[in-house]
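What follows is a single structure, written as structure tokens, with notes after it.
Worth saying up front: this structure is predicted, and the values here are computed from it rather than measured. FYI, side chains are in, hydrogens and waters are out, and symmetry mates aren't considered; it's all heavy atoms of this structure.
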Amino acid sequence: MAKKIQSIRGMNDLLPEQSSDWQYIENHLRQVVAAYGYNEIRMPIVEATELFKRSIGEVTDIVEKEMYTFDDRNGDSLTLRPEGTASCVRAAMQHGLLHNQTQRLWYMGPMFRHERPQRGRYRQFHQIGVETFGFDGPDIDAELIFMSARFLKRLGLSEHTTLQINSLGSKATRAAYRDILVAYLNEHREQLDEDSLRRLESNPLRVLDSKNPQMQAMIQSAPKLVDHLDEESRVHFESLCATLDSAGIQYQVNPCLVRGLDYYAKTVFEWVTDKLGAQGTVCAGGRFDGLVEQLGGKPTPACGFAAGIERLVELLKEVSTERLAHKVDVYLLMAGDKAVLAGMVLAESLRDHSPSLRLITHCGAGSFKAQMKRADKSGASIALILGDNEIEQGTITLKYLRIEKEQQQVEIAALPALINEVLEIK
């Protein structure tokens, strides 16, 4: 017997009983971004490897260890995208969306990183991304935080997430602060773990992001970037905080919230939870004013955020007592050759009459008892029973599956209006 082919480790199937959670998240996202006037952009999942080397950096773990990179038949080096921001910037530049324009964009789709699969972190994972271009004031930073807060509220996750914010200042500010931080870390070199020692040479700000409990006291005592901000960045951050205060958005200033790449500037923020263990960040964002220029474009202010769908699903499972199920309204049972023929036509007319009606027509052979079992298992609210005798009389039987109520014999002509009334379909 041939060996069964399995899915690749860390790249998971999404089964029908799971897809309703994803649809719930995606539908709320679409409603929220539409409320703020953002437009969808869709990028390919494969890009030139150089895009990520130039944006993420060749000495980062993502580029060195985690990217899925291969040569195509023409010898070009291609990579499955490990994140969406660089692809979005590339597309916006390529199609002239940034020339003397402002843009509010969003996207959704799979990303790929070859890392150790664990809860909420997979080799193929899915992200929601929101990016803005051409806005340099703190007002757009606030709008993105408002939007992410509204999205989490719509999902019922507000009470289970906390907003943390910080400012990274300008590139010059970070360069000066980097020297101060490195001097401090070298004084405490014996407390650094292996990962932090490596970062000390290539990316010292990321040492502040370490989760090693034995290093936390030392990290908390480190010099704070927020205390070394340039005047423009300080005013920008104070204005953002004042806007959040005015809107009643609660937040924590986290001096250890950093990004390791040079193109980030000023505002950074994260929504975090204590419900998912080590994978506590469910949404992260901030300004990346230097990225467009780094990829060959003109200097362009930019800001955005991204959220992992898998982590949002995991959080929903943790805090929601009711599972989100795909609801079926009607299950149509048919007994007899005439009933099958008439039933298929009837089902189409019911869908025409009520476009939002979710109706399953029984297909395939089966006794009446077997059909009723399937109707009940489907979760439908009502069953419609059509036999050859009903066809001759011009009627159909309506049976309630979820409430105690007598079944009804209904004229087929009156059925569409009755279904809308019973199911409260408008």
Side-chain angles (χ1 to χ4, degrees), residues 1-2 4-7 12-31 108 110 126 309 313 316-317 320-426:
M1 182 181 293
K4 291 183 179 179
I5 299 174
Q6 302 289 320
S7 63
N12 303 322
D13 299 307
L14 184 64
L15 302 180
E17 60 266 26
Q18 301 167 320
S19 63
S20 57
D21 288 350
W22 288 60
Q23 292 169 7
Y24 176 79
I25 291 170
E26 293 165 1
N27 291 339
H28 279 298
L29 171 72
R30 293 180 186 278
Q31 292 168 11
M108 179 167 51
H126 298 75
I309 298 181
V313 169
L316 281 171
K317 290 179 181 178
S320 176
T321 56
E322 295 183 8
R323 296 313 310 129
L324 306 167
H326 177 71
K327 187 182 174 211
V328 176
D329 296 316
V330 178
Y331 195 99
L332 175 59
L333 298 79
M334 297 162 288
D337 294 340
K338 291 181 181 179
V340 170
L341 182 60
M344 298 298 289
V345 175
L346 174 61
E348 290 304 296
S349 67
L350 291 174
R351 294 183 182 108
D352 288 340
H353 185 271
S354 304
S356 62
L357 178 68
R358 286 157 292 195
L359 182 152
I360 292 179
T361 303
H362 182 85
C363 293
S367 66
F368 178 76
K369 183 178 180 180
Q371 291 191 48
M372 280 303 302
K373 283 185 177 180
R374 288 198 180 185
D376 187 60
K377 187 177 180 180
S378 74
S381 299
I382 60 177
L384 297 176
I385 304 168
L386 186 64
D388 289 347
N389 290 336
E390 284 88 352
I391 293 295
E392 293 177 4
Q393 298 170 11
T395 62
I396 192 168
T397 301
L398 188 151
K399 182 178 178 62
Y400 296 90
L401 299 177
R402 307 297 160 207
I403 59 175
E404 292 292 333
K405 191 174 180 180
E406 288 288 329
Q407 68 183 35
Q408 300 172 248
Q409 199 77 10
V410 181
E411 291 187 3
I412 290 178
L415 182 62
L418 179 60
I419 285 179
N420 284 0
E421 179 183 341
V422 169
L423 299 174
E424 297 182 349
I425 295 176
K426 298 180 179 179

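Between Asp21 atom CG and Glu26 atom CD the span is 10.5 Å, to the nearest 0.5 Å. Atom OG1 of Thr361 sits about 10.0 Å away from atom CG of Leu333, to the nearest 0.5 Å. Here CG of Asn12 is found 9.0 Å from CG of Leu14. Values are rounded to the nearest 0.5 Å. Taking CZ from Arg30 and CE from Met108, the interatomic distance works out to 4.0 Å, rounded to the nearest 0.5 Å. From Leu423, atom CG reaches atom CG of Leu359 across 10.0 Å, with rounding to the nearest 0.5 Å.
With contacts defined as side-chain heavy-atom distances shorter than 4.5 Å, the pair His353/Asn420 qualifies. Side-chain contact between Met372 and Leu401 is present, with at least one heavy-atom pair separated by less than 4.5 Å.
Not a single side-chain hydrogen bond (donor to acceptor under 3.5 Å, both in side chains) links Gln407 to another residue, sequence neighbours left out. Residues meeting the salt bridge (charged side-chain N to carboxylate O under 4.0 Å, His left out) test with Asp388, sequence neighbours left out: none.
Heavy atoms only, all atoms of each residue included: Trp22 and Gln18 are closest at CD1-O, 3.5 Å. Taking all atoms of both residues into account, the shortest heavy-atom contact from Leu418 to Gln408 is CD2-NE2, 4.2 Å. Nearest heavy-atom pair, Ala375 versus Ser378, reported as atom, atom and distance to 0.1 Å: O-OG, 2.6 Å. Nearest heavy atom pair, residue Thr397 against residue Glu390, reads OG1-OE2, 3.7 Å.
Residue pairs that meet the side-chain hydrogen bond (donor to acceptor under 3.5 Å, both in side chains) test with at least one member in residues 339-349, sequence neighbours left out, are Glu348-Arg351. Pairs of residues two or more places apart, or lying in two chains, never qualify as side-chain hydrogen bond (donor to acceptor under 3.5 Å, both in side chains) while including a residue from residues 335-347. Listed by first and then second residue, the side-chain hydrogen bond (donor to acceptor under 3.5 Å, both in side chains) pairs that reach into residues 368-377 are Asp376-Arg402, sequence neighbours excluded. Contacts classified as salt bridge (charged side-chain N to carboxylate O under 4.0 Å, His left out) and involving residues 403-415 (residues at least two apart or in different chains) are not found.
Applying side-chain hydrogen bond (donor to acceptor under 3.5 Å, both in side chains) to Tyr331 and the options Lys399, Arg358, His362 leaves one that passes, His362.
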Checklist line | Intermediate values then yes/no, side chain to side chain contact (heavy atoms under 4.5 Å, CB included), Leu386 and Ile412 | finding: CA-CA 10 Å; Leu386 186 64; Ile412 290 178; 4.3 Å; yes

Check: side chain to side chain contact (heavy atoms under 4.5 Å, CB included) between Leu332 and Ile396: does it pass, once the steps are laid out?
Finding: CA-CA 10 Å; Leu332 175 59; Ile396 192 168; 4.1 Å; yes

Next item on the list: Applying side chain to side chain contact (heavy atoms under 4.5 Å, CB included), run through Leu350 and Leu384 and close with a yes or a no.
Entry: CA-CA 12 Å; Leu350 291 174; Leu384 297 176; 4.0 Å; yes

